[in-house]
Amino acid sequence: MKQIKLLCPSLPNIPWQDKPAGCTAPVWRYQENPIIHRNPVPGVARIFNSAVVPYEGGFIGVFRGEQINGIPYLYLGRSADAIHWTFDPEKIALVDGEGKSFLPPYAYDPRLIEIDGVYYIVWCQDAYGAALGMAKTTDFKTFTRLENPFLPFNRNGVLFPRKVDGKFLLLSRPSDSGHTPFGDIYLSESRDMEYWGHHRHVMGKASEWWENVKIGGGAAPIETSEGWLLIYHGVTGTCNGFVYSIGGAILDRDEPSRVKYRCGNFLLTPEEWYEERGFTSNVCFPCASLQDGDTGRIAIYYGAADTYVALAFTDVETVVNYIIEHDTAGASDHEEGRR
Ligand code: BMA
């Protein structure tokens, strides 16, 4: 087993449960899952596919709230322990650069990433088609929209938690207007969070059953001594529709469009009632993680069955070694991704 370190700050109050005795899986579920149940806020039927970060000694998050009218929007939540959450009853009030209210027709699957003291939210919204929306905040009171990074159709926008070689990095998944029967992960870079380019292919669907239709970014990449740990989602098709599992890969630290290792096995696939049964059955959709640089502990937040938020745990040595042991990365993963 390789010795691997998390290259991130300490987080002594990270939520945690030890691996259950006899468990051989690389990632194990929180025993009290799901942590967010149906009808969590008046007017909101379900919260899922959401993102959290440490903030002022506790935790704060941007949550996908499916309103009872069926339209998804972004809601703010706070927690002392990152497990029990209270939510603002009103949607997050975005403003544009002039301070005027900005309300896209819908907004879903937010990721929340802190870079140099600024908190960025990336989500999927309508922009004459499903596209990425972005905003920034420093105080979680004023949320200022940024220019949309890409044309439609594009989903699953995931920022890296620091600049690499002086540039912001963003993973995304170009797609179509429907339920998207294809999709690879791409990397783009920007010097100013406005103009994005130098697009590179990172990785595509694979032959393993659980990711043989499409893949998409999940939590913000986690920096480790072995490379960027990417926790993503992989999708297969069945007679009853798509099944979403959680996968893992390690990207090169300096050139993250190069995949060093890619795990042929899923890290977690729908097995529990809250993953198999809900508004959309058989969905585990990771959008965030917390990590403690001192202990190597990682807590993964994932949407379950488009209905709940659930939590799972691993530690950096366990998960990175598991990915390396089950590596199936091929030539198109290892290459720079530029043609
Ligand atoms: C994807 C996204 C996710 C959702 C998943 C499963 O296309 O819309 O928000 O969790 O489908 O329904």
Side-chain angles (χ1 to χ4, degrees), residues 33-38 40 44-52 61-67 69-75 104-112 121-127 129-133 150 152-158 171-186 204-205 210-219 231-247 266-288 300-312:
N33 270 346
I35 59 167
I36 301 170
H37 289 259
R38 283 180 188 264
V44 174
R46 291 166 279 122
I47 280 182
F48 54 99
N49 300 4
S50 300
V52 309
V62 175
F63 293 81
R64 170 179 177 161
E66 212 78 356
Q67 300 172 93
N69 64 9
I71 299 174
Y73 225 86
L74 309 180
Y75 288 78
Y106 61 76
Y108 65 76
D109 295 358
R111 273 70 167 194
L112 174 62
I121 311 169
V122 190
W123 64 89
C124 180
Q125 67 166 54
D126 176 67
L132 297 181
F150 305 127
F153 301 91
N154 201 316
R155 298 180 175 87
N156 299 302
V158 179
L171 298 171
S172 75
R173 209 275 306 283
S175 59
D176 69 1
S177 59
H179 287 287
T180 314
F182 65 90
D184 294 357
I185 298 176
Y186 288 80
K205 67 179 183 181
W210 59 273
E211 56 171 350
N212 62 3
V213 171
K214 57 178 171 173
I215 60 171
I231 292 169
Y232 67 99
H233 69 257
V235 183
T236 192
T238 73
C239 297
N240 284 328
F242 289 148
V243 174
Y244 283 70
S245 303
I246 300 180
F266 55 80
L267 300 180
L268 193 122
T269 196
E271 289 176 353
E272 294 293 334
W273 67 266
Y274 50 87
E275 299 161 350
E276 292 182 335
R277 203 171 76 218
F279 190 80
T280 312
S281 306
N282 296 315
V283 179
C284 294
F285 196 93
C287 285
I300 302 166
Y301 288 77
Y302 64 102
D306 289 359
T307 304
Y308 310 101
V309 174
L311 185 55

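Order of appearance sets the numbers: ligands from 1, and atoms from 1 within every ligand. Everything numeric in this text was worked out from a predicted model, so none of it was measured.
- Summary of contacts: the protein heavy atom closest to atom 1 (C) of ligand 1 is Tyr244 OH, 3.2 Å.
- At the top of the distance list for atom 4 (C) of ligand 1, counting protein heavy atoms only, stands Asp306 OD1, 3.5 Å.
- Of all non-hydrogen atoms in Asp184 and Arg173, the two that sit nearest each other are O-CG, 3.2 Å.
- In plain terms, the two heavy atoms of Ala45 and Pro40 that are nearest each other are O-CD, 4.0 Å.
- Distances between N or O atoms of Asn49 and those of ligand 1 include at least one value under 3.5 Å.
- Closest of all the heavy-atom pairs between Tyr108 and Trp123 is O-CB, 3.3 Å.
- The heavy-atom pair separating Ser50 from Val309 by the smallest distance is OG-CG2, 4.3 Å.
- Under the side chain to side chain contact (heavy atoms under 4.5 Å, CB included) test applied with Phe153, the options Pro174, Cys124, Ser175 reduce to a single match, Ser175.
- Given atom 8 (O) of ligand 1, the protein heavy atom at minimum distance is Tyr108 CE1, 4.0 Å.
- Checked against a 3.5 angstrom limit, the closest N/O atoms of Arg64 and ligand 1 fall inside it.
- Of all the atoms in ligand 1, the ones that sit under 4.0 Å from a non-hydrogen atom of Asp109 are 2 (C), 3 (C), 9 (O).
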